[in-house]
Amino acid sequence: MGITATIMNTATGQPIQKMSFGRMPKPWASFNLESGELVTAERIDVGKPAPGKFAAPITIWVTVKPRG
């Protein structure tokens, strides 16, 4: 069973995309977004599961380089 996480932009606080991982990523893990941009996880937050659920919401915060 994989992990589905929400990728968040640290600069804006807005969600970028949802992404699935085979296992819990490390805080320094690098991965490519759907746009093809390589980003590094800065912070990983694990929330409390909803009542009656087992899956906890996972948020991975990344810094996206400005397009220029």
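Just the heavy atoms: all of them, side chains too, but no hydrogens, waters or symmetry mates, feed the values below.
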Enquirer: Would you check, one step at a time, whether the test side-chain contact (heavy atoms from CB on, under 4.5 Å) holds for Leu38 with Phe31?
Expert: CA-CA 6 Å; Leu38 181 66; Phe31 50 89; 5.7 Å; no
Enquirer: Side chains of Trp61 and Asn9: closer than 4.5 Å at any heavy-atom pair?
Expert: no
Enquirer: Looking at Pro49 and Ala55, what are the two nearest heavy atoms and their distance?
Expert: CB-O, 3.6 Å
Enquirer: Spell out, as yes or no, whether a donor-acceptor pair under 3.5 Å connects the side chain of Glu42 to the backbone of Thr10.
Expert: no
Enquirer: For Ile7, which of Thr59, Leu33, Val64, Val39 qualifies under side-chain contact (heavy atoms from CB on, under 4.5 Å)?
Expert: Leu33
Enquirer: Can you check whether Ile3 reaches Ser20 side chain to side chain, under 4.5 Å on heavy atoms?
Expert: no
Enquirer: Rounded to the nearest 0.5 Å, what separates atom OG1 in Thr63 from atom CZ in Arg43?
Expert: 10.5 Å
Enquirer: Measure across Pro57 and Lys48 and return the closest heavy-atom pair with its distance rounded to 0.1 Å.
Expert: CD-O, 3.3 Å
Enquirer: Heavy-atom distance under 4.5 Å between the side chains of Ile44 and Met24, does that happen here?
Expert: yes
Enquirer: Check the pair Gln14 / Ile16 against side-chain contact (heavy atoms from CB on, under 4.5 Å), numbers first and verdict last.
Expert: CA-CA 6 Å; Gln14 298 295 315; Ile16 299 172; over 6 Å; no
Enquirer: Tell me, do Thr40 and Val62 make a side-chain contact under 4.5 Å, heavy atoms counted?
Expert: no
Enquirer: Please examine the side chains of Thr4 and Lys18, heavy atoms only from C-beta on, and report whether any two atoms are closer than 4.5 Å.
Expert: yes
